[in-house]
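A short write-up of the structure that comes next.
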Amino acid sequence: QVQLVESGGGSVQAGGSLRLSCTASTYTVCMAWFRQTPGKELQGVARILGGGGVTSYVDSVKGRFTISRDNAKNTVYLEMNSLKPEDTAKYSCAADRRCAGAWYTSYFYDYWGQGTQVTVTS
């Protein structure tokens with residue numbers, strides 16, 4: 001079992017920045033951030049592999065969000081800049097030991113955090 005604990009959510013005005021953190025109870029090679037708004041499916045936002053050199057992003061956040069990790073702390077970060085109202089969602093951290101399947105598909109992740117709310121006001 002891998003326990004994931006997120007922090008860093010909050011409310012910010014459009015154009016602002018937030019940094020989310022996700023601390024895992026143990027090292028896990030594949031770590032990702034997903035987000036969800038009421039009535040919609042989970043959306044993969046970003047994923048990072050192993051040492052941190054391989055990252056993937058959904059098109060809508062490219063150039064604005066950066067995923068990184070500190071393996072010494074078993075922590076993954078999501079730096080969010082130039083936030084837009086459409087970024088408002090509950091953001092959840094996910095982990096997968098196998099890195100199998102499409103990274104943006106929630107089905108392939110075995111472990112999930114409780115989520116943290118991000119609200120962007122116009």
Side-chain angles (χ1 to χ4, degrees):
Q1 279 291 79
V2 179
Q3 283 77 46
L4 304 173
V5 178
E6 301 103 331
S7 61
S11 182
V12 64
Q13 287 190 329
S17 299
L18 283 173
R19 188 176 82 156
L20 306 182
S21 300
C22 171
T23 299
S25 57
T26 187
Y27 171 81
T28 309
V29 63
C30 283
M31 300 290 293
W33 287 97
F34 283 76
R35 65 186 180 186
Q36 188 172 30
T37 54
K40 293 189 177 181
E41 294 184 354
L42 277 166
Q43 180 188 41
V45 176
R47 184 197 66 175
I48 189 166
L49 300 183
V54 179
T55 57
S56 303
Y57 297 92
V58 66
D59 285 347
S60 60
V61 308
K62 286 180 180 178
R64 300 188 298 121
F65 291 11
T66 302
I67 190 170
S68 61
R69 66 191 297 166
D70 183 340
N71 290 333
K73 298 180 179 180
N74 290 332
T75 299
V76 173
Y77 305 98
L78 186 66
E79 186 75 36
M80 305 184 293
N81 298 315
S82 301
L83 282 162
K84 304 175 181 180
E86 50 264 43
D87 295 317
T88 295
K90 182 178 182 180
Y91 285 70
S92 297
C93 178
D96 173 28
R97 295 184 187 275
R98 299 158 295 173
C99 296
W103 72 267
Y104 46 84
T105 303
S106 60
Y107 173 83
F108 294 110
Y109 293 84
D110 295 324
Y111 308 104
W112 292 84
Q114 80 287 354
T116 185
Q117 180 68 33
V118 171
T119 302
V120 184
T121 58
S122 58

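We count residues from 1, following the sequence as given. For clarity, every value in this text was computed on a predicted model and none was experimentally measured.
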CA sep, side-chain torsions, deciding dist, call: Trp103, Asp96, side chain to side chain contact (heavy atoms under 4.5 Å, CB included): CA-CA 10 Å; Trp103 72 267; Asp96 173 28; over 6 Å; no
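- Two residues are said to be in side-chain contact when any heavy atoms from C-beta on lie closer than 4.5 Å; Arg97 and Val2 meet this criterion.
- You'll find the side chain of Thr88 reaches within 4.5 Å of the side chain of Gln117, heavy atoms only.
- When atom types are taken as modelled, the side chain of Ser25 and the backbone of Gln3 share a donor-acceptor pair closer than 3.5 angstrom.
- Counting only N and O atoms by type, the side chains of Thr23 and Thr75 include a donor and acceptor under 3.5 Å apart.
- Enclosure of atom CD in Gln13 is not indicated, since only 12 or fewer non-hydrogen atoms of other residues, nucleotides or ligands lie within 6.0 angstrom.
- Shortest non-hydrogen contact noted between Ser106 and Leu42 is CB-CD1, 3.8 Å.
- To the nearest 0.5 Å, atom OH of residue Tyr77 and atom SG of residue Cys93 are 11.5 Å apart.
- The shortest heavy-atom contact between Tyr27 and Gly50 is OH-CA, 3.2 Å.
- Residues Thr37 and Ala89 come closest through the heavy atom pair CG2-CB, 3.7 Å.
- The shortest side-chain heavy-atom distance between Arg69 and Met31 falls under the 4.5 Å cut-off.
- The OG1 atom of Thr116 sits 6.0 Å away from atom CG of Leu20, with the distance rounded to the nearest 0.5 Å.
- Considering all non-hydrogen atoms of both residues, Arg64 and Ser82 come closest at NH1-O, 3.0 Å.
- Side-chain atoms of Asn71 never come within 3.5 Å of backbone atoms of Asn74 as a donor-acceptor pair (strictly under, hydrogens ignored).
- Taking 4.5 Å as the limit, some side-chain heavy atom of Val118 sits within range of a side-chain heavy atom of Met80.
- Pairing each heavy atom of Pro85 with each of Ala14, the nearest pair is CD-CB, 4.1 Å.
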Worked check of salt bridge (charged side-chain N to carboxylate O under 4.0 Å, His left out) between Asp87 and Lys84: CA-CA 5 Å; Asp87 295 317; Lys84 304 175 181 180; over 6 Å; no
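- Looking only at side-chain heavy atoms (C-beta outward), Cys30 and Leu49 come within less than 4.5 Å of each other.
- Tyr91 places none of its side-chain heavy atoms less than 4.5 Å from the side chain of Glu6.
- Only one option out of Val58, Val76, Val61, Ile48 pairs with Trp33 in a side-chain contact (heavy atoms from CB on, under 4.5 Å); it is Val76.
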Stepwise side chain to side chain contact (heavy atoms under 4.5 Å, CB included) test for Thr121 and Val12: CA-CA 6 Å; Thr121 58; Val12 64; over 6 Å; no
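- Within a 6.0 Å radius of CZ in Phe108, other residues, nucleotides and ligands contribute more than 12 heavy atoms.
- Nearest approach of Leu4 to Ala24, heavy atoms of both residues: CD2-CB, 3.5 Å.
- Within the 6.0 Å centre-distance limit, the rings of Trp112 and Phe34 are counted as a close aromatic pair.
- Side-chain contact between Val45 and Tyr57: absent, with no pair of heavy atoms (C-beta onward) separated by less than 4.5 Å.
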Worked check of salt bridge (charged side-chain N to carboxylate O under 4.0 Å, His left out) between Arg98 and Asp110: CA-CA 9 Å; Arg98 299 158 295 173; Asp110 295 324; 3.1 Å; yes
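- A donor-acceptor pair under 3.5 Å links the side-chain atoms of Lys90 to the main chain of Gln114, judged by distance alone.
- Cys22 has its side chain out of reach of Val5: every pair of non-hydrogen atoms, C-beta onward, lies at least 4.5 Å apart.
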